[in-house]
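One structure below.
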Number of protein chains: 2
Amino acid sequence: MTRVRLADVAKAAGVSPATVSLVLNDAESRISDETKERVRRVADEVGYSPNPIARSLRTRVTGTIGLVSDRIATTPFAGRMLAGAQEVARENGRLVILVDTDGHPEIESEAISTLVNHRVDGMVYASMYHQIIPAPAGLPAGTVFLDCRPEGGGYPAVVPDDYAGGRAATQELVDAGHRRIAYIDDGDDDRPIAAQLRLEGYVDVLTEAGIEPDPALHVFAVTAAAGGQRAIAELMSLPEDQRPTAVFAFNDRIAAGVVMWAHRHGIRIPEDLSVVGYDDQQLVAAELDPPLTTVSLPHAAMGRWAMEVALGLRAADTDSPHLMDCPIVRRASVAPPAHLGSARDPRVTD
Amino acid sequence: MTRVRLADVAKAAGVSPATVSLVLNDAESRISDETKERVRRVADEVGYSPNPIARSLRTRVTGTIGLVSDRIATTPFAGRMLAGAQEVARENGRLVILVDTDGHPEIESEAISTLVNHRVDGMVYASMYHQIIPAPAGLPAGTVFLDCRPEGGGYPAVVPDDYAGGRAATQELVDAGHRRIAYIDDGDDDRPIAAQLRLEGYVDVLTEAGIEPDPALHVFAVTAAAGGQRAIAELMSLPEDQRPTAVFAFNDRIAAGVVMWAHRHGIRIPEDLSVVGYDDQQLVAAELDPPLTTVSLPHAAMGRWAMEVALGLRAADTDSPHLMDCPIVRRASVAPPAHLGSARDPRVTD
DNA sequence: CTGAAAGCGCTTACAG
DNA sequence: CTGAAAGCGCTTACAG
């Protein structure tokens, strides 16, 4: 099936190739209406569709956006960033060329130069989780950083507002009436910036509520269910009056461990213990019993934002990152503390 | 930064553009060794790198592979297929253009024609889960189907060997000494082909082991933790001598529900009940307590296979799909049945 | 209002 | 052994 070319359309319509090009590209219309119509009709009839390669060679625009990521495609974690970015590209008639570097610097720098060489119109550099990184060499100006930001700025970037997320999670618990709220922090060697930001949100909300943060309620865990189990066991081994009535976990995996431990020890959630996670991780948070109240990471929104900036559809600051809201997702793991619940039920009717 | 062109290299080396092209492309070498060397050196010095757009226009090969998928990028489920495919492409100097259709037929057909129009060298069509589908219109010959297969064949395809996986899961339990093994099947309206294949594997292994499949032990659940909880509750409400000592769950989410229910009811896994899942779902299977023995879906291997075929690196049958092995992943949720364990321990020493 | 010509940066027969 | 020329399929000044 030899494809029909612009020249074929021109011949069939009895005009020059230049005219066909002008008409089909809606150039400033010096072409007569009847010619335009005829050209369009003929193009339609023969099913003409311009060869994007030839067009790119001439115009130097390819209609493609490069998306390089460390591990976004490999982990179940952040696929929605990719999906959000891809969706915006498609809506705007662009194609995304994806390269996943699996975290290898050599692959990354090769990917960047390949993409630049392929004349992508724009580029987004995505990380699997919120981090601050040195900007890779060779990145074109205007590359947008997704879920990470470059040391020293200089590029548009979007990251989750983890401080506000930490506040929201804690506020949810304070509002339910809790005073003894634990924070199970990320205890991995390479503690991410998000952990610190969420902690600050937690501390600030507590303080504003007139609750003095208790160091005994700030514990660390490896970010996995097993870590969550150990951490909650530690917390629950505190003297009864010092135990938390609620816990805010750094992420849903840790929260899952808390829930599992509770099941095994006959502790009811949320009646005996409230828990709030973070991430709203698919196939985890909603699957717990009870379904977990958590703070969602706005992956799709960040992906969309990044692509909009890459396409020039949206202006962006290159000095400081755009902070994306992390909305709380209310499910069923938060309730008033037990003493409040039992003290209240008989008396209050509302 | 105006890039250096082939003509620049030619001028600097004092030869014609044709010569440069021939040398750099290692064409059948009619060029003298000294000329070759000089051209290569000059090209190197000026940092020449051919413009792939111009080359594509001339040669009609673009070095790109189109990957259209329904939802592979959006769900946490099958990202490894994408990663495997992308990895093979990269290893072979190709770029993958990804379009996720989110399951919309209009987007899909538009994506296919866009990709074809962009002159991709090959195409892979990926599904989120093993299914048989009508081949979308407009798909180029040789498009490889990933984790799905076209009705009526005609294209290379790769799917997991779910029958063998069902056998492996059941065999694991039979080998541990179980005789009363339940299968919690997919009870969703649109029961996937994998559910039937796994069931057949289960029945066949049981039969071969001289165990008559008990219809009471074949139950259905919605594929979520909640479904698993209801199913195991149903199973455990059977008279004691009819209850299963082991369960094979259609997937890890259902298995997770089984484990949660067990925790709540003081049933120990694997001492009191063995469980085998399916999928080896990241961030789920290994996170359970105990970590789940399961059958893994070979997503990365399937992704690699599909891309290898798309690149012509591997021959493939277009009549019947390639069946990819689903290896069992042994963790800690399987043990001999309780009566065997207690009967055996005092006597056997090995 | 429209056409002829040049050119984007390569590759590849065709000559010599 | 190497070069001049044509051509891939478009777009865009430049003429008229």
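Order of the sequence lines fixes the chain letters, A, B, ..., with proteins taken first and strands second; residue numbering starts at 1 for each chain.
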* Structure fact -> Reading nucleotides 8-16 of chain D from 5' to 3' and marking B where a protein heavy atom lies under 4.0 Å of the base, S where only the sugar-phosphate is that close, and - otherwise, the string is BBBBB-B--
* To do: Please check if atom CD in A:Glu37 has more than 12 non-hydrogen atoms from other residues, nucleotides or ligands closer than 6.0 Å.
  =>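 It does not: A:Glu37 CD has 12 such atoms or fewer within range.
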* A:Glu34 CD: over 12 foreign heavy atoms closer than 6.0 Å -> no
* Touch check for A:Thr35, heavy atoms < 4.0 angstrom, all strands: base, sugar-phosphate only, or nothing? ->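 Here A:Thr35 touches the backbone only, sparing every base.
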Pairwise side-chain contact, [X] with [Y], heavy-atom cut-off 4.5 Å (strictly under):
{"X": "A:Thr101", "Y": "A:Asp70", "answer": "yes"}
{"X": "A:Arg41", "Y": "A:Arg38", "answer": "yes"}
{"X": "A:Arg3", "Y": "B:Val116", "answer": "yes"}

* Could you tell me whether the side chains of B:Arg90 and B:Asn92 share a donor-acceptor contact shorter than 3.5 Å? =>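 No, no side-chain donor-acceptor pair sits under 3.5 Å.
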* Asked: When the ring planes of A:Phe145 and A:Tyr155 are compared, do they come out parallel, tilted or perpendicular, using 30° and 60° as the limits?
  -> tilted
* Would A:Arg304 and A:Glu87 satisfy side chain to side chain contact (heavy atoms under 4.5 Å, CB included), going step by step from the backbone distance to the final call? -> CA-CA 7 Å; A:Arg304 292 188 62 91; A:Glu87 188 180 36; 2.7 Å; yes
* Using both pair distances under 3.5 Å as the test, note the stems of at least 3 consecutive Watson-Crick or G-U pairs that include DNA chain C. =>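 Stems for DNA chain C, defined as runs of 3 or more consecutive pairs: C:1-3 with D:14-16, C:5-12 with D:5-12, C:14-16 with D:1-3.
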